[in-house]
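Have a look at the structure below before the remarks.
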Amino acid sequence: MLVGSLVRLPLMAINQFVPPVAAALNDEGHGEALARLYHVTSRIVLVGVAALSIPVVVYRESVMALFGPTFVRYAPLLPGFVAAQFLACAAGSVGILLRMTDHQRALLVVNTAITLFLAVTAIPLTIEFGLAGLVASYLLMLGVNNGLEVAVLYRVEGLQPFTLAHGKPLVAALPFVLVALAARAALPGAAAAVVGTAVGLAAYAAVLWALGFSAAERRLVAVLVERYGAAFGRLRRRLGDA
């Protein structure tokens with residue numbers, strides 16, 4: 001779960017600034033701008049999540065070995081946790097948008113429904129299949145929960161995260177996967193992970209660059225780099241003063 005949660009970092013980064021922006025756009029009646037914000041942020045999140053997910057899944061034994069040899073035997077379960085987070089992140093800031101658009105009651109209904117759903121699925125799965133059943137329950141929980149939230153948000157606000165441009169990171173991920181698998185086949189252990197990840201990321205970035213980014217995506221990335229750079233600068237100064 002810890003490694004799977006690390007894959008979620010791009011969504012967490014976006015969610016640091018989405019709430020006030022979404023609330024302001026909603027309060028001022030800028031529905032089209034809110035829809036564009038959702039589309040752009042969810043695409044950027046997908047780019048980051050794919051970049052983190054691929055090496056974790058391909059080199060899962062090496063990743064789990066970082067925690068000790070006991071964890072390596074459970075490496076086959078790691079893709080389930082990562083897939084769960086990938087599904088959750090693909091929905092973008094859906095939970096925040098439901099709250100920011102004054103639909104807390106709808107969010108409560110979704111959470112209640114997913115709790116009841118898990119009560120009748122997670123317990124039998126875990127009893128029958130043990131840890132693998134628990135992973136399957138986790139995948140179901142995030143997949144169904146975020147799917148319901150996207151459906152509800154579309155029903156009440158007409159907002160949904162996906163555009164044709166969301167296919168670009170998925171297309172770019174294909175050469176990344178091929179490079180990572182080739183490195184795993186040709187090199188041992190940690191060397192495969194390092195080389196495959198580095199070369200794979202380069203291929204991923206090159207394909208994304210060739211496919212192109214929209215002006216809104218470039219502006220968003222520039223703002224993120226500027227704001228997080230300033231935050232890290234303040235943190236360094238405080239640490240220096242301490």
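- Partners of Pro124 according to the side chain to side chain contact (heavy atoms under 4.5 Å, CB included) rule, which considers only residues two or more places apart in sequence or in another chain, do not exist here.
- Remark: side-chain polar atoms of Lys168 are paired, donor with acceptor, to backbone N or O of Gly212 under 3.5 angstrom.
- Atom CG in Leu140 sits 6.5 Å away from atom CG in Leu125 (nearest 0.5 Å).
- With Asn146 contributing its side chain and Leu142 its backbone, the two residues share a donor-acceptor pair below 3.5 Å.
- Around the CZ atom of Phe71, the shell of radius 6.0 Å holds no more than 12 heavy atoms that belong to other residues, nucleotides or ligands.
- Remark: Leu159 CG to Ser93 OG distance equals 11.5 Å, nearest 0.5 Å.
- Leu139 is listed as a side-chain neighbour of Leu87, based on a closest heavy-atom distance under 4.5 Å.
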Please walk me through it: do Ser137 and Thr121 pass side chain to side chain contact (heavy atoms under 4.5 Å, CB included)?
-> CA-CA 7 Å; Ser137 301; Thr121 56; 5.6 Å; no

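- Connection of Tyr59 to Tyr74 is not established within any shared hydrophobic cluster, with ILVMFWY side chains joined at heavy-atom distances below 4.5 Å, either directly or through further cluster members.
- Scanning both residues, Leu6 and Leu52, for their nearest heavy atoms gives O-CD1, 3.7 Å.
- Screening residues 37-48 for salt bridge (Lys or Arg N to Asp or Glu O under 4.0 Å) gives Arg43-Glu217 as the qualifying pairs, with residues at least two apart or on separate chains.
- When hydrophobic clusters are built by joining Ile, Leu, Val, Met, Phe, Trp and Tyr residues whose side-chain heavy atoms come closer than 4.5 Å, directly or via intermediates, Leu11 is grouped together with Leu170.
- For residues 37-57, there are no ring-ring contact (aromatic ring centres under 6.0 Å, His included) pairs, not counting sequence neighbours.
- Cluster annotation: Val40 is connected to Val18 through the hydrophobic network of ILVMFWY side chains, with a link wherever side-chain heavy atoms come within less than 4.5 Å.
- Atom CG of Leu25 and atom CD of Glu32 lie 11.5 Å apart (nearest 0.5 Å).
- Summarising the geometry of Arg234 relative to Arg237, their closest heavy-atom pair is CG-NH2, 3.1 Å, with the distance given to 0.1 Å.
- Using a 4.5 Å cut-off on side-chain heavy atoms (C-beta onward), Pro10 and Ile44 make no contact.
- When side chains are defined from C-beta on, Ile114 counts as touching Val144, because their heavy atoms get closer than 4.5 Å.
- Residue Phe67 qualifies as enclosed at atom CZ: its count of foreign heavy atoms under 6.0 Å is above 12.
- When all heavy atoms of Ser62 and Ala190 are compared, the pair lying nearest together is OG-N, 4.3 Å.
- With sequence neighbours excluded, the residues satisfying side chain to side chain donor-acceptor pair (under 3.5 Å) with His30 are Glu28.
- The ring-ring contact (aromatic ring centres under 6.0 Å, His included) search around Phe81 returns Tyr138, not counting sequence neighbours.
- A distance of 9.0 Å separates OG in Ser42 from CG in Leu37, rounded to the nearest 0.5 Å.
- One hydrophobic cluster holds both Val150 and Val45 under the rule that ILVMFWY side chains link at heavy-atom gaps under 4.5 Å.
- Under a hydrophobic clustering in which Ile, Leu, Val, Met, Phe, Trp and Tyr are joined whenever their side-chain heavy atoms come within less than 4.5 Å, directly or via other members, Val194 and Val72 fall into different clusters.
- Using a 4.5 Å cut-off on side-chain heavy atoms (C-beta onward), Val3 and Leu78 make contact.
- Considering every non-hydrogen atom in both Val7 and Ser53, the closest pair reads CG1-OG, 3.0 Å.
- The salt bridge (Lys or Arg N to Asp or Glu O under 4.0 Å) analysis of residues 145-159, with sequence neighbours excluded, yields no pairs.
- With values rounded to the nearest 0.5 angstrom, Phe117 atom CZ is found 10.5 Å from Asn145 atom CG.
- Annotation: side chain of Ile14 is in contact with side chain of Phe17 (closest heavy-atom distance under 4.5 Å).
- Of the possible donor and acceptor atoms, none in the side chain of Arg184 sits under 3.5 Å from a partner among the backbone N and O of Ala193.
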Starting from the C-alpha separation in whole Å, work towards a yes-or-no answer on side chain to side chain contact (heavy atoms under 4.5 Å, CB included) for Val120 and Leu116.
-> CA-CA 7 Å; Val120 298; Leu116 294 174; over 6 Å; no

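- Taking the six-membered ring for Trp and thresholds of 30 and 60 degrees, Phe232 and Tyr228 have ring planes inclined between 30 and 60 degrees apart.
- Once rounded to the nearest 0.5 Å, the distance linking CG of Asn15 with CD1 of Ile96 reads 3.5 Å.
- The minimum heavy-atom distance linking Ala106 with Val152 is given by the pair CB-CG1, 3.6 Å.
- Heavy-atom minimum distance, Pro169 versus Leu46: CG-CD2, 3.9 Å.
- Between the side chain of Tyr204 and the backbone N or O of Val47 there is at least one donor-acceptor pair closer than 3.5 Å.
- For the pair Val49/Arg8, no side-chain contact is recorded, criterion being any heavy-atom separation below 4.5 Å from C-beta on.
- In this structure, the side chains of Pro161 and Val94 stay at 4.5 Å or more apart for every pair of heavy atoms.
- Val221 is not listed as a side-chain neighbour of Arg218, based on a closest heavy-atom distance of 4.5 Å or more.
- Arg60 contributes a side-chain N or O that, together with a main-chain N or O of Val57, makes up a donor-acceptor pair within less than 3.5 Å.
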